[in-house]
Every structure is written in structure tokens, then in C-alpha cells.
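Taking it in order: structure first as C-alpha cells, then the write-up.
When reading the values below, keep in mind they use all heavy atoms of this one structure, side chains included, and skip hydrogens, waters and symmetry mates. Residue numbers begin at 1 in each chain, while the letters A, B, ... track the order of the sequences.
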Amino acid sequence: MDLSAKYTPQEFEKEIYKEWESKGYFHGDDKSSKPPFSIVLPPPNVTGALHMGHALVLTIQDSIVRRKRMQGYNTVWFPGTDHAGIATQMVVERELMKEGKSRHDLGREKFVEKIWEVKERHHGIIANQTKKMGASLDWERERFTLDEKFSKAVNTVFLKLHEKGLIYRGERLISWCSRCSTALSDLEVEQSPAKGKLYYMKYFVKGDPSQYVTVATTRPETLLGDTAVAVNPNDDRFKHLHGKKVIIPFVEREVPIILDEYVDMTFGTGCLKITPAHDFNDYEIGQKHKLEAITVIDKNGKMNNNAVQFKGLGVKEAREKVLVELENRNALEKIEDYAMTISKCSRCETVLEPLISHQWFIKMEGMAKRAIDAVKEEKIKFYPKGWWEETYYRWLENIRDWCISRQLWWGHRIPVWYCNDCKAYVVSEHHPVKPCNCGCPDYYQENDVLDTWFSAALWPFVAPGWPEKTDALKTFYPNSLMETGFDIIFFWVSRMIMFGLEFMDDVPFREVLYHAMIRDEKGQKMSKTRGNVIDPLLVTDKYGVDTLRFTLASMAGRARDIKLSENSIEGYSHFMNKVWQATKFVFINAQGYDTKCDIKKLKYPLNKWIISRLNSVSDVVNKKFDVYELNDVSESLYKFFWHEFCDWYIEFSKPMLADEASAGETKYVLLYVHREFLKLMHPIAPFITEKLFQENPLKDKETIMLDTYPEANEKLIDKEIENDLNTIQELVSSIRHIKTIYGINAKNDVIVVSAKYSKLINDLSGPLLKLATLKSLKVEKDTKGIDLAGCIRAVIPDVEIYLPAKEFIDFEKEKERLKKKLEPVAVNLNMTSAKLKNEGFLAKAGPEVIEKEKGKLDEFTKMDKELRDAIKMLESCIK
RNA sequence: GCGUCUUUAGCUCAGUUGGUAGAGCACUACCUUGACGUGGUAGGGGUCAGAGGUUCGAGUCCUCUAAGACGCACCA
């Protein structure tokens, strides 16, 4: 045995992981007959560094995976990284920008090459950080979304969806980020409140310059693209204008006044300018009324040819110029402040511009319906129970077609080829061999790449090998569990479900577990700009990986947020140290343990008690693990180890170790409980448990991670002895309490009166003397022969306690103390007896409840009487 | 605007099918106890956001109000 004085995790964590990995403990078997357990790691972005969110994911998933492995499942945890289209491209573009270059200076090929370099560089970092956290991932199966096989799968999916008619190319109004110069899906758009202005502009009626309509807009520059003015058909104010036309200034275009009930008569002026090319609602109205869509803003956010004299200006400058010109023409009525929301790119926060462009879409309705049914039919269960289902249904029920094309260079290039001549397209993985129908043999590939989430949605079946029919796929699909943040329920979870059902004809996973978001101690999102980031690597260097894991597990409750502070982490490091210190005690004292000891045939009640508690705790831990409530798992482990094993059992064991008769059995039990506890805690704190397990003479496997996870043995749970020991603990606490109040530090005498517990108390007199720091402990059947007036008293259920203390008893003080003790007892007594006299209660409460109340009544009555007697006696002494 | 959630000790949070409240941290007092001061022992601290209702009985179920968080939609 060679354990350092303190818990020093830095000394052994790295080595232990190396050992596990080199021995292949993380590897699952494709053809095992054991029940499978599989899960994919939500792939981190290749360029990302490990943050607390990752640490939480790794902790939760590794804990679940390790327990399953110990339970004998054929376990695989699939690792991988995601190419993360926009995010990664942005990182590299920023690097280039420092050199004053853009991606266009390099050209597509060179640029993509450069990203690969960056990817290789970062990949090692994130993989090492993941290993540092102890994650028992099956590294042999690691994948990257852009690797060859994955790309093959992506193309296959695209081809199949196209064959089924679910993929189409269309010219639509989409959200465009001019910074990233790409289209975005609805999900990548973030709304944020902004202060804007509402401009009231006059459009003059054609043929009658004395008449005009006033339209209100937040974006005057778009008037250049107006192709109608709409009013509500029921609006009397404008009835005289029905069928007339108005003239758009500058472009001098005549546009009709159209009627549409969409227009809110009560808002603004009741007149709505329609710009189909630059507003989603206007686009729809335009479609309905077959209006022309005139684009006036280009992909760089500049005014285009259709913007006459404003051509080439940025949107902002154009707006100012337009306003000046309007004023000159007396066409600007007024300007008001206005609170509005604007759409921003979720990646770079650039204000988005709705633009009409050619994009690729997937029809979602059919797939969404299947995805809804799968959850409704409980083919997938969501944890924790609650509001996730509703959110999921709502989104899928209102789903829109998914824009999957991105005008980026980093990603899966869409497997579509256009004829050089006639521009007809062919869907094909490689350059088509057959010439086009027009006779031209030459094609060029689509420039656009696919949305990152398109490939991400394939993880559950591509990770085990699809589209090949591998053994792994057979064994590990559907995955057992998907564990992820609720923020990507739409981006990822629902899409995996839709694609899984579409391509595997089965759900991708049986269960979904959502975890919370990590925030700082004030509840704010951690971000570099706020400077409130707690770096998991610094934390683990300082406190150890197990400490961080245990902290995160304790906080992984049902709440949506986890407020993390270094303070709380430090608290849990004390627990790890406690485990370390207690282990030292066990090992130092366990020399010469009884090697033939049988846990089922123990002699000593205290040993039976701790074994019973161990099994009770195993039961709770397993039940909580089954429903993924890791906070309860870690809380149970913490309480058991510290406040039962250390505070009571180890203290009890000291006199038992000193007694030759009980020493052998006690030493064995110490080692046994220690070993079983380590196994129970191993999934959450893998390193410290392995380190200490290796030193335990009772270790029965070469590694704790392949030992069996403890299950509760009902036969070893003894509720009676657990209750008895509760009383013993109360007895000790009561004596200590009195001694504290009276400042009695020395050993003293105590007499207890108890019919029920006299034998047990006699049996345990050794440990009791030690724990309560007593000189002697007498057990009597009644109070005859006790000088009651000279004693300080305490009462607990079924036990009366007397401390002879004639020389320093303070009757006044003692009376006050007992009165204070009496208060809650009397309140409880009144309440319970009132309850039991209440006819309504007797008639309607269940029989067990009534029995329980009767038991309480007895207990409170006795205690009440004892205390009142004692007080009376003190009063007589005072006189 | 629609929907979901939260509100319990100074702080962070538990509280199972309704039986008048728990933990950790923090706080106070005492303890150099041969595993551990990253410790031990004993304490103090809550009209469970507010109002009303159902019930014999409500932190727990229902309604409303207030504050906060999130999602969706609208935004001329």
C-alpha cells in the first residue's frame, strides 16, 4: 500500500487512462451475444476547445456508459467530430483576414486545403482533452463527418431522397447572411430586439397628384422594389382607391393598389407597401397576387442595378439618401421611434437580408409525421419527463421545408452536376458519364455544400458503418440512448429521428436524455466576451477530473440551467479527499482481516448494519441511474460514504478493531464495503476509484471498470437493524448534545432506561462508550434507584437518558432547555391527536396512514410525558 | 400575442401517488480525538412568491396575480 498523504489526482489520472485504452477496455464487440448498449457522442466542432458544456456531456455519458459496461452490456460509445460548416470556415477566414486576405484570394481548393490543416491541428487537441476527462470512448471507431466513408453516406442519402422526390431545387426567398455569403435555414436565424424608426411615406396616385396614400415602413430603401400597395378590402378609408394605381418615386413605377385581408386596418396607416423580393410576408402576398419580385439588394448587401441612382450604396447609406430625396419631394410625412426585432445570423450576428435565390430544399411534411408518431407511440422515450414532447410536436407539426444548400466551401459538396451547355442538372456522386440530353458531354458540379446538420442527422447509423451492411450496424442500431442539450432538439434530435426512420425504417435511438445548460453562478451564459468562463482544464488541473465530474453529476438534475461556481467544485474536492483519507484508514487497519468471512453470515450487529445500508444504497443508486437522475446518484453516494460509512461505521469500528473477537470480521467488512462503494462510484469518478480499487486486497478483477456493478441483495437489507441503529445514533447525539450544552468535555457516566433497546445497547456498549465519550454506561429497566433530581435528562423514542450531574446541574437552565425540547413534541402531539380525532380523516385516510399516525401518537405521548415529568421535578427542586 | 417552465433556509437546489419541510455551501460555539482541520461535534436559520379554491388535511391539485427564464409567432 502506497497512498500519498493527500488526494493528489494529478499523479495518477493520466496513467490510468493510458492503461485502460491500451488494454482495449473501451472496445465493444460487433458480434457479441451480450445485450448491446450503444450511444454516439454528440460530435464536437473540430475547431472548438473543450468547454464546460463538453465536460458535462462527457461526464453524463461516460457515467451511463461505464455503468452499462459494468452491468455486462456489450457497450459502444461512438466518438466523432463534426466539420461544422459555417463555424469552421469562419475561424479560418478570420485567420486569413489577419493577413489581409479573403478566401477568394486563395481559391476554393487552396482554402479547403487550409481548413483541413487547421482541422488536423485542432483534432488532436480536442481528442486529448476528451481523454483527459476520462471518457471511455471506443476510439477505434472514431469518425469525422467529412471523412471518405461519411461523405459516401451523405451522397447516398442525397441521391435516395432525390429519387423519392423529396429533394428539389427552387427559387425562393431565404435568409441571407452577407458576411458568410450563404443562405441559412430558419433555425440558424436569431431574432433580437432593436430600436428602429417607422417612416411614413407618401405614394401619389397615378393621374391625380393631389391624392396619395401614406405607407409606414421600417425600411424605406426597399421602396425601390415595391410592386404593389395593399389595403384591407373592408377598410372604408380606401374604398375610393380600389382599382387605382400609385407611383413609386425614383423608379417611377406604376403599381396597383391590391386588396388583401392580411393587412391590419388598425396598424400604422392601414396601407402596406409590398416588396416581394425583400420581405417574407410580402413574398407570400406577392405569390398570391402574382406580383413581380424586383430585387434591389444584392448578395453583398449593396443596392443593385434596379436601384437606379442608389446603385452601389450599402443598405444604410441608401436609406439615408432615399429619405433626403423623399423629403425634397415632400413625400416624407413623419418619422416615429419604433421597437422592432431584427434577424441576425446565429453565427456571426450580421443582420440578415431576405433574398431571392436558387437553393436546395427537402420536403419535410411526410418525414415529420413519422417522427411525431414514433414518439407518440413511445418508440422513443424522453428524459427527464416533461415538456420536451410538447416542444418537439409543436415544431414538427409546423415544420417548413428545409433549405439544405449553403454557399460555403467547407462541407459536403452537393452531388449535382449541371450541363455546360443547357444547364440541365443530373444528380450523381461523380461526374456523369453519359452526355446530357442536349448532346453536351461536359458538366460542372454544384458549388454549394450541404447544411452541416444534414450530415449530423446521419450519425446514429453512419457511425456503425451505414451504408455498408456491417455487423456493427446490426448490433448497435438503433442506438440505446441519445444524450444531448435541449437547445439542439430541432437542429439535431428531430432530424436524426426523421432520417433514421427514413433510411433504417426504425428509430435511431430508444431513449433521449436532455441535459441542462451550464451557466455561471449568476445564471449568465458563459462566454469569452463576458469573461465568466470556467475552463474545465484549469479546474481539473487544480482539483482533479473526478472532482469536476462529481460536481457536474451532482448538478445534472431536472433544472434547465446549471449554475456553476468554483466554490462548489472546491466543495466536492473535499469529498474526494475524504474518500482518500478513509481509504487510508481502512487499509492501515485491515491487516489480518478474516479471509473466510462470509458477508451473509455476519456476527456483529454493526457489521450487519453497514452491509444492510450498503445494499439499500445500491438499490437507490441503481434505480436513480435507470432513470438518469445522476444528481440523486451522486447525492446518495456522498451521503452514504461520508455520513454513514465515515461518521458512524468507521467510528464504531475503532473499538471493534481493538477487540480481538470482533476484529477479523470488522476488518473484512471495512474492506468489503470500501470495495463495493468504489464500484458504485466508479461510473462518476473513474480515476480515484480505479486507483484505490487496485490497492484493496479484496479486489477481484484486474480493473474496476470491468468488475460487476453492485446490485442490491434484498436478503442483506435488514430494515429492523437499520431502525435500531437510528435509535443508537440518536442516543449518541443526545448525549453529545447535553455534554456540549453543559460544557462537559471529560468522560462521564450515563444511565439509560429502555425496555426495547436494553439488549442492543448492552451489546454495543463498547462503541457507545467511545462515540459518546463516556466513563460508564448503565442500562436499567426502570427509574428505580436513579437519583432523578440529580440528573440531566433527555428523551428519544423508547429510550430515556440520565446524566448524573449533581455537582453542576443548573435547574433554571435545565428547565429552559427541556421546555424548548418539549415545544415541538407538544405541537406534534396536538396535531397527531387532533388528526386521529378527526372523523373525516378516519373515514377517508388509508389504513396504513392511520396506523402510522397512531404510532406517532404513542411516541409523542411518551416523550411528552417524560419531558413534562422532568420539568415538574426541576420546578420542585427550584422551590 | 400564444405556449412551456421557474419562484422552498443568506446562496445553490431536493421534496416520489396530497399527511404542515430536507441537503450541500455559508454562518455560530466548542474540539491539536494517530484516516482526514480539505477534519470532528453540537447548533441557529423557512408564515414553501401573493391571493383565492378543492379537501378531514395543500410546498404538493385547480384558478387568478406578481416577478423571472425560455420557445414559437407577429412586427407596415
Indicate whether any N or O donor in one side chain lies under 3.5 Å from an N or O acceptor in the other, for [X] and [Y].
X        : Y        : answer
A:Lys667 : A:Asn589 : no
A:Glu336 : A:Tyr200 : yes
A:Asn577 : A:Gln581 : yes
A:Ser185 : A:Glu188 : yes
A:Thr484 : A:His515 : no

Nearest-angstrom distance, [atom1] atom, [N] to [M]:
N     : M     : atom1 : answer
B:A42 : B:C56 : P     : 43 Å
B:G68 : B:G22 : P     : 32 Å
B:A26 : B:U65 : P     : 42 Å
B:G24 : B:U20 : C1'   : 24 Å
B:G44 : B:G34 : C1'   : 33 Å
B:G53 : B:G3  : P     : 26 Å
B:U7  : B:C62 : P     : 14 Å
B:A23 : B:A14 : P     : 16 Å

When the distance from [atom1] of [X] to [atom2] of [N] is rounded to whole Å, what number comes out?
X        : N     : atom1 : atom2 : value
A:Asp282 : B:C74 : CG    : C1'   : 14 Å
A:Phe238 : B:A76 : CZ    : C1'   : 12 Å
A:Phe490 : B:G3  : CZ    : C1'   : 12 Å
A:Phe486 : B:U4  : CZ    : P     : 17 Å
A:Lys837 : B:G57 : NZ    : P     : 18 Å
A:Glu190 : B:A73 : CD    : P     : 13 Å
A:Phe585 : B:G34 : CZ    : P     : 12 Å
A:Tyr203 : B:A76 : OH    : P     : 13 Å

Let me know, please, whether A:Asp186 or A:Asn745 comes out on the 5' side of the other along RNA chain B by nearest nucleotide.
A:Asn745
Mapping A:Tyr7 and A:Lys273 to their closest nucleotides on RNA chain B, which lands nearer the 5' end?
A:Tyr7
Output the single nucleotide from [options] whose closest atom is nearest the side chain of [X].
X        : options             : value
A:Lys578 : B:G40, B:G3, B:A76  : B:G40
A:Thr341 : B:A35, B:A76, B:C74 : B:C74
A:Asn281 : B:U41, B:G71, B:C74 : B:C74

Please determine if a side-chain N or O atom of A:Lys6 lies less than 4.0 Å away from the OP1 or OP2 oxygen of B:C36.
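Indeed not, no polar side-chain atom of A:Lys6 lies that close.
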Tell me whether the side-chain N/O atoms of A:Lys747 come closer than 4.0 Å to OP1 or OP2 in B:U33.
no
Scan nucleotides 19-26 of chain B nucleotide by nucleotide, 5' to 3', and note B when protein non-hydrogen atoms come under 4.0 Å of the base, S if they reach only the sugar-phosphate, - if neither.
BB---SS-
Between atom [atom1] of [X] and atom [atom2] of [Y], what is the distance when rounded to the nearest 0.5 Å?
X        : Y        : atom1 : atom2 : value
A:Glu333 : A:Leu326 : CD    : CG    : 12.0 Å
A:Leu678 : A:Lys691 : CG    : NZ    : 13.0 Å
A:Asp632 : A:Lys624 : CG    : NZ    : 4.0 Å

Look for any protein N or O under 3.5 Å of an N or O in nucleotides 42-44 of chain B and output each such pair with its distance, or none.
{"unit_1": "B:A42", "atom_1": "OP1", "unit_2": "A:Ser733", "atom_2": "OG", "d": "3.2"}
{"unit_1": "B:A42", "atom_1": "O3'", "unit_2": "A:His737", "atom_2": "ND1", "d": "3.1"}
{"unit_1": "B:A42", "atom_1": "O2'", "unit_2": "A:His737", "atom_2": "ND1", "d": "3.3"}
{"unit_1": "B:G43", "atom_1": "OP1", "unit_2": "A:His737", "atom_2": "ND1", "d": "3.2"}
{"unit_1": "B:G43", "atom_1": "O5'", "unit_2": "A:His737", "atom_2": "ND1", "d": "3.4"}

Protein-nucleic acid N or O pairs under 3.5 Å, nucleotides 6-9 of chain B:
none

What's [X] touching, base or sugar-phosphate or nothing? Going by heavy atoms closer than 4.0 Å.
X        : answer
A:Glu397 : nothing
A:Thr217 : sugar-phosphate
A:Leu842 : nothing
A:Val586 : nothing
A:Thr218 : sugar-phosphate
A:Glu651 : base

Can you find a donor-acceptor pair, distance only, under 3.5 Å between A:Glu629 side chain and B:A14 base?
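In this structure, the two groups form no donor-acceptor pair.
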Would you find more than 12 non-hydrogen atoms of other residues, nucleotides or ligands less than 6.0 Å from A:Arg237 atom CZ?
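Counting other residues, nucleotides and ligands, CZ of A:Arg237 exceeds 12 neighbours.
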Within 6.0 angstrom of A:Lys202 NZ, more than 12 heavy atoms from elsewhere:
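Atom NZ in A:Lys202 is crowded, with more than 12 foreign heavy atoms closer than 6.0 Å.
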Under a 4.5 Å cut-off applied to non-hydrogen side-chain atoms, are A:Ile728 and A:Trp648 in contact?
no
With a 4.5 Å heavy-atom cut-off, do A:Phe587 and A:Leu671 have their side chains touching?
yes
Aromatic ring centroids of A:Phe382 and A:Tyr514 under 6.0 Å?
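Distance test on ring centres: under 6.0 Å, yes.
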